[in-house]
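Start at 1 and go down the list; that is how both ligands and their atoms are numbered. For this chain, numbers begin at 1 and follow the sequence in order.
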Amino acid sequence: MTVDIASTYTGPFGMAYVPVTERTRLVNDPHALALIDFTEGVRVPDGTSDFAEWLPQVGGLPVCEYWHSTEPVAYERRGNFHLARTSELLFLRLMWPDTGRVEEDAQVVYAELMTVLRAEGYPHLVRVWNYLPRINAEEAGHERYRSFCVGRAAALEAVRALDDARLPAASALGSCGGGLQVYAIAAREPGIQIENPRQVSAFRYPQRYGPRSPSFSRATLKRWREGVHLYISGTASIVGHASLHETLESQLGETLANIEAVVGEAHRVEGLKVHTPNELSLIKVYLRNPADAVATEAWLRERLGKRLPMVLLQGDVCRSELLVEIEGAYFGETE
Ligand code: 3EB
């Protein structure tokens, strides 16, 4: 089976879930911006192979996530980062060995990330993914996720990139192994930050959730030369700033209501041509308990329909009471 993903998106790139059997062919495609292999990690197809254990897929046919670029891609190394570049955007990725001091690790990684993307001429971070093992474990008296937030905020602040109006969409999840894995999209021109009217902005969470609030926006709407993308951050069962509900089904309901609110906000503020989550281009579901996969997929299919591309991964959400987190993207147009 060959995959024609070029016709499924507008803008400089699109993402698709493709059968893992396509992996070898896709990694050699000059239009491959990234190939995300859930069991092995992320690759920029530049011939290097520092793969890591990552977030195993739970349920469904085994797929990988393919990022297809409209333009041919140029691959480079800059310091610890692997880069994939087109005229409009830069994809950056790194795997940082776990030193057992995640605050310092995050600070070093984000400082270098900002240095590289600025030096390369793509100064605006629009979407970031963060994965670290044992995210809810204590280290030096603090939960590792909270320490990660401290290091990330310190690094962004040091280079004046901790701007409440210009924070990227992000996800932060616990992985099954490896080190601190970060990958990101940066652009020459900034995106538009979208917040969720049902939630306190994460960068304003009160101190009880950690000494430094998480530095991310609920979504980024990015107008490319052609086409508009919406990148929806990892979204969970949080209303205001509080985690709600104990059962999987209730958490799924609240999560979907939050995604609906973010999509609605992007439609209201920026005229995004999408009103409801079932119109998104794809979603990714992170589950704390792999045993929840079958019920989660059935629940989501009932509400979002059969057609929406979806993958379910095992990943720990960054608050230990949360069972599920969902992110999504739309590669389309505004009205
Ligand atoms: C939340 O809404 C859930 O720290 O970058 C979601 C997405 C979450 C991104 C991050 C954290 C992050 O607070 C957790």
Side-chain angles (χ1 to χ4, degrees), residues 55 96 102-103 105-107 109-110 113-114 125-136 142-157 161-164 166-175 180-185 191 193-220 230-245 251-263 265 283-288 313 315-329:
L55 315 192
W96 188 257
V102 72
E103 179 184 329
D105 293 344
Q107 192 163 354
V109 164
Y110 269 81
L113 175 74
M114 294 309 296
L125 211 45
V126 296
R127 181 56 165 110
V128 191
W129 286 262
N130 306 280
Y131 300 104
L132 56 144
R134 297 175 293 107
I135 193 167
N136 304 125
H142 301 277
E143 187 190 30
R144 275 166 57 84
Y145 172 63
R146 296 180 177 199
S147 300
F148 165 82
C149 288
V150 174
R152 172 174 58 179
L156 293 176
E157 191 168 55
L162 199 62
D163 177 349
D164 278 6
R166 281 280 173 82
L167 288 171
S171 299
L173 280 299
S175 53
L180 174 58
Q181 181 154 253
V182 175
Y183 61 94
I185 308 166
Q193 178 169 335
I194 308 286
E195 291 298 315
N196 180 348
R198 305 179 83 239
Q199 295 184 308
V200 171
S201 292
F203 51 85
R204 300 217 175 92
Y205 282 168
Q207 283 245 328
R208 90 177 76 136
Y209 301 104
R212 291 299 302 258
S213 311
S215 316
F216 71 99
S217 63
R218 298 301 179 186
T220 305
L230 182 71
Y231 310 114
I232 302 177
S233 294
T235 305
S237 180
I238 296 173
V239 176
H241 53 69
S243 306
L244 290 191
H245 313 300
Q251 289 198 13
L252 279 167
E254 209 67 68
T255 301
L256 197 56
N258 279 327
I259 292 176
E260 249 165 55
V262 171
V263 171
E265 190 70 0
I283 64 169
K284 187 181 290 169
V285 182
Y286 301 98
L287 289 170
R288 183 178 296 280
L313 305 179
D316 289 342
V317 185
C318 59
R319 291 187 186 184
S320 52
E321 67 277 15
L322 294 173
L323 302 171
V324 59
E325 183 172 305
I326 302 177
E327 63 180 48

Note to self: Under the rule for side-chain contact (heavy atoms from CB on, under 4.5 Å), what residues qualify as partners of S147, not counting sequence neighbours?
What the structure shows: V102, E103, H142
Next item on the list: Taking the side chain as every heavy atom from C-beta outward, state whether V126 and Y231 have any pair of such atoms under 4.5 Å apart.
Entry: yes
Next item on the list: Answer yes or no: is there an ion pair linking R204 with E195, defined by an N-O contact shorter than 4.0 Å?
Entry: no
Notebook entry, point to check: For the residue pair Y209 and Y205, does the interplanar ring angle fall in the parallel (under 30°), tilted (30 to 60°) or perpendicular (over 60°) class?
Noted result: tilted
Would you mind writing out a table of all protein N or O atoms found under 3.5 Å from any N or O atom of ligand 1, naming both atoms and giving the distance to 0.1 Å?
residue, atom, partner, partner atom, Å
ligand 1, 2 (O), Y205, OH, 3.1
ligand 1, 2 (O), R218, NH1, 2.9
ligand 1, 4 (O), Y145, OH, 2.4
ligand 1, 4 (O), R152, NH2, 2.7
ligand 1, 5 (O), R152, NH1, 2.7
ligand 1, 5 (O), R152, NH2, 3.4
ligand 1, 13 (O), Y205, OH, 2.7

Notebook entry, point to check: With F203, which residues qualify under ring-ring contact (aromatic ring centres under 6.0 Å, His included), at least two apart?
Noted result: none
Next item on the list: State which residues pass ring-ring contact (aromatic ring centres under 6.0 Å, His included) with W129; sequence neighbours excluded, sorted by chain then number.
Entry: W67, Y183
